[in-house]
S.K.: 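Please see the structure below; I have some questions.
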Number of protein chains: 2
Amino acid sequence: MGDIGVPTTIKAFEERLLEVSESLPKRLRQCADYVAANKDRIAVSTVAEMAEGAGVQPSAFMRFCQILGFSGFSEMQRLFRDSYVGGWPDYSTRLDHLREKAEGSPSALLAEFVEAGRASLENLLKTIEPHALEQAVKILARAQMIHIIGMRRSFPVASYMAYAFEKMNVPAMLHSAVGRLENRNAVRDGDALLAITFSPYTADTIDMVEAVSAHGLPVVAITDTIVSPLRKFPATILSVSEVDFGAFRSLSATLCLAITLAVAVGTERPEK
Amino acid sequence: MGDIGVPTTIKAFEERLLEVSESLPKRLRQCADYVAANKDRIAVSTVAEMAEGAGVQPSAFMRFCQILGFSGFSEMQRLFRDSYVGGWPDYSTRLDHLREKAEGSPSALLAEFVEAGRASLENLLKTIEPHALEQAVKILARAQMIHIIGMRRSFPVASYMAYAFEKMNVPAMLHSAVGRLENRNAVRDGDALLAITFSPYTADTIDMVEAVSAHGLPVVAITDTIVSPLRKFPATILSVSEVDFGAFRSLSATLCLAITLAVAVGTERPEK
DNA sequence: GCTAATTTGGAATATATGTTCTATTTTGCT
DNA sequence: AGCAAAATAGAACATATATTCCAAATTAGC
């Protein structure tokens with residue numbers, strides 16, 4: 001046989017499988033065939049299940065794993081499980097460590113945030129529902145005026161969208177709570193609301209969504225996860241789950257979605 | 001509480017999660033949030049891993065599963081393993097797919113921005129100078145008050161940093177031009193200025209940098225490229241070159257740097 | 001500010017699952 | 001056909017993981 005190295009990537013795994021499957025006794029060949037046809041099951045099955053699927057004994061499947069270069073089934077499974085979640089380390093605990101130990105230079109911290117941002121972006125692409133996105137664009141493109149609200153952590157996103165809309169000559173209004181002036185009466189028929197809110201959900205934002213949707217106006221919401229209180233309203237929801245780094249998020253994915261939405265609306269909108 | 005039935009579909013699971021998450025004590029709520037944001041992990045993780053991710057004890061996560069109507073974690077996991085249909089399109093194939101086949105649609109646009117963001121992040125890591133970053137942290141950590149200025153496109157960054165500093169009890173002041181009130185006299189000895197500006201450089205921001213550095217106060221600047229007009233002043237410069245798509249930039253890299261800077265300052269700063 | 005009820009953390013326990021071992025069967029060779 | 005080598009099945013063992021339990025801490029009500 002060739003190298004004894006453990007496959008560390010799905011690709012390497014496939015190559016090894018192909019390379020080995022020629023010269024395999026009956027039962028082990030069954031394993032190879034079954035695995036080739038059901039690679040995705042490895043991540044969520046037990047040896048017993050895989051063995052049954054292949055029509056062999058667990059011990060046979062075990063030997064099969066070892067021939068592929070792994071120490072056992074668990075090691076092989078880990079490869080598939082890790083590649084499934086795309087390496088999404090637990091940042092919240094890592095930040096705690098950074099804080100406590102105070103070790104790690106700013107550069108190391110930057111590396112962490114870059115990594116978190118990268119993971120968030122990849123995840124965004126995987127989880128966004130194209131249909132919801134299209135619907136959101138349609139709603140906002142039709143609106144006579146887009147009202148934008150986002151407080152605290154969401155404010156940067158709201159303000160960036162306001163900037164982008166302004167640049168593209170799309171009528172939009174950023175509802176910031178400057179001076180506690182609540183310009184709620186600016187919302188009129190034909191308008192739409194774009195609400196951005198993340199846990200912990202600011203009451204003002206929720207209130208505004210409630211008020212606006214009570215008037216029958218359409219609402220588009222950018223929020224996190226599915227437990228958002230916005231689910232109670234008939235809004236078009238775009239959910240982004242940003243990798244959490246302690247109390248902070250880099251907002252990479254959120255801003256990406258935001259700018260996409262803004263540009264799509266700007267281009268779709270009937271001129272003037 | 002409502003029904004006691006075991007959720008038998010992901011949809012039912014989500015509904016149950018939403019319905020229950022309102023009235024949940026602290027730790028259980030953490031579980032709910034983490035699960036909502038990481039549903040895909042349930043199929044391939046152990047209770048211990050899920051619990052750690054949520055920042056709780058395994059036993060707490062266990063109770064959470066039971067509140068959702070399952071007998072335990074295993075039963076809940078089975079739901080996700082069974083409904084796991086395999087075929088998880090990995091990031092790169094999904095990206096290609098969206099780019100080509102969905103051309104012109106919002107989803108394709110999203111793919112472009114995600115890719116641009118990813119490239120920007122990678123570039124950020126390569127180009128940032130650790131020494132400059134450390135110096136910036138040092139300057140801001142020593143300042144009695146951090147004055148933040150950033151207009152137009154830079155305003156989201158400025159406001160996010162203001163938010164982050166506030167969260168960490170770091171004295172900071174966001175100089176927005178609300179009502180054209182220019183609070184320049186708020187700047188005092190011992191303070192520092194954090195200026196964020198990108199081409200085309202807003203005059204107000206440059207003016208402020210000039211005024212502040214004329215008083216001998218330290219300035220940290222986040223800007224693009226090396227031809228920034230800020231080079232004329234004795235400021236610590238962190239340059240980010242964001243990959244742009246069309247006329248817009250997703251700001252991914254800039255925000256990443258911003259939040260890094262904020263957290264680094266927050267942790268380095270002497271308490272109180 | 002005290003008491004009762006709820007919630008939580010951590011260790012103890014039970015169970016499921018992976019892994020190894022060996023007698024038995026099968027295969028390949030002369 | 002008879003022998004040696006390889007492969008297999010099934011049981012025995014080891015480990016990892018889920019689950020439960022209870023004392024300590026927290027919260028809510030009075």
Side-chain angles (χ1 to χ4, degrees), chain A residues 1 4 6-7 13 17 20-35 38-39 41-82 84-85 90 92-93 96 100 200, chain B residues 1 4 6-7 13 17 20-35 38 41-82 84:
Chain A
M1 312 274 147
I4 290 291
V6 184
F13 173 86
L17 183 59
V20 121
S21 63
E22 305 273 306
S23 55
L24 237 40
K26 196 174 159 197
R27 290 285 117 104
L28 298 193
R29 160 151 283 230
Q30 284 174 242
C31 294
D33 290 346
Y34 182 74
V35 162
N38 301 279
K39 276 198 293 290
R41 293 203 184 179
I42 297 174
V44 295
S45 302
T46 66
V47 241
E49 287 165 351
M50 291 301 290
E52 192 188 336
V56 304
Q57 287 283 359
S59 56
F61 199 88
M62 211 64 222
R63 268 177 293 131
F64 170 72
C65 296
Q66 285 161 354
I67 285 173
L68 251 38
F70 299 99
S71 69
F73 176 70
S74 296
E75 197 175 70
M76 177 168 126
Q77 189 175 53
R78 184 143 38 237
L79 170 64
F80 282 83
R81 288 188 168 175
D82 289 349
Y84 172 63
V85 285
D90 47 304
S92 41
T93 53
D96 288 345
E100 288 163 13
Chain B
M1 314 266 149
I4 290 291
V6 184
F13 172 87
L17 184 59
V20 122
S21 64
E22 305 271 310
S23 56
L24 236 39
K26 197 171 156 200
R27 290 284 116 103
L28 283 309
R29 157 137 252 170
Q30 284 174 242
C31 294
D33 289 346
Y34 183 76
V35 162
N38 301 280
R41 280 194 160 196
I42 298 173
V44 296
S45 301
T46 65
V47 242
E49 287 166 350
M50 291 300 290
E52 192 186 335
V56 304
Q57 286 282 101
S59 55
F61 199 88
M62 212 62 222
R63 269 176 290 133
F64 171 72
C65 296
Q66 286 160 355
I67 284 174
L68 252 37
F70 300 99
S71 68
F73 176 71
S74 296
E75 197 175 68
M76 177 168 127
Q77 191 176 54
R78 188 149 22 224
L79 170 65
F80 282 83
R81 287 189 168 174
D82 290 347
Y84 163 101

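Lettering of chains follows the sequences in order, A, B, ..., and the numbering in each one begins at 1.
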S.K.: Can you give me the closest heavy-atom contact between A/M50 and A/V35, atom names plus distance?
M.R.: CE-CG2, 4.2 Å

S.K.: Can you measure B/M50 atom CE to D/dT17 atom P for me and round it to whole angstrom units?
M.R.: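 Between P of D/dT17 and CE of B/M50: 15 Å.
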
S.K.: Closest heavy-atom contact between B/I42 and B/F73?
M.R.: O-CZ, 4.1 Å

S.K.: Side-chain atoms of residues 53-72 of chain A: list all donor-acceptor pairs with protein atoms under 3.5 Å, sequence neighbours left out, distances to 0.1 Å.
M.R.:
{"unit_1": "A/Q66", "atom_1": "NE2", "unit_2": "A/S71", "atom_2": "O", "d": "3.4"}

S.K.: Around atom CD of A/E52, are there more than 12 heavy atoms of other residues, nucleotides or ligands at under 6.0 Å?
M.R.: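 At most 12 heavy atoms, drawn from other residues, nucleotides or ligands, come within 6.0 Å of this atom.
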
S.K.: CD1 of A/I42 versus P of C/dT17: gap in Å, rounded?
M.R.: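 To the nearest whole Å, that distance equals 17 Å.
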
S.K.: Whole angstroms only, please: what is the CE-P distance between A/M76 and C/dT19?
M.R.: 11 Å

S.K.: Quick one: what's the B/S/- string for nucleotides 4-10 of chain C, heavy-atom cutoff under 4.0 Å, read 5' to 3'?
M.R.: ---SBBB

S.K.: Any idea which heavy atoms bring B/L79 and B/P7 closest together, and the distance?
M.R.: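 Closest approach of B/L79 to B/P7: CD2-O, 4.0 Å.
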
S.K.: CG of A/L24 versus P of C/dT27: gap in Å, rounded?
M.R.: 15 Å

S.K.: Using whole Å, what does the distance between atom P of nucleotide D/dT8 and atom CD1 of A/I67 come to?
M.R.: 9 Å

S.K.: Round to the nearest Å and state the distance from B/E75 atom CD to D/dT20 atom P.
M.R.: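 Atom CD in B/E75 sits about 11 Å away from atom P in D/dT20.
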
S.K.: Do any side-chain nitrogens or oxygens of A/S74 fall under 4.0 Å of OP1 or OP2 in C/dT19?
M.R.: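 Indeed, a polar side-chain atom of A/S74 lies that close.
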
S.K.: Please identify each residue that fulfils side-chain hydrogen bond (donor to acceptor under 3.5 Å, both in side chains) with A/R29, with sequence neighbours left out.
M.R.: none

S.K.: Measure from CZ on B/F73 to C1' on C/dA14 and round the result to the nearest Å.
M.R.: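 Roughly 17 Å, once rounded to whole Å.
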
S.K.: Take the protein atom CD of B/Q77 and the nucleotide atom P of D/dA18, then report the distance between them rounded to whole Å.
M.R.: 7 Å

S.K.: Quick one: which of C/dG18, D/dT20, D/dA18 gets closest to the side chain of B/Q66?
M.R.: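 Nearest to the side chain of B/Q66 among the choices is D/dT20.
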
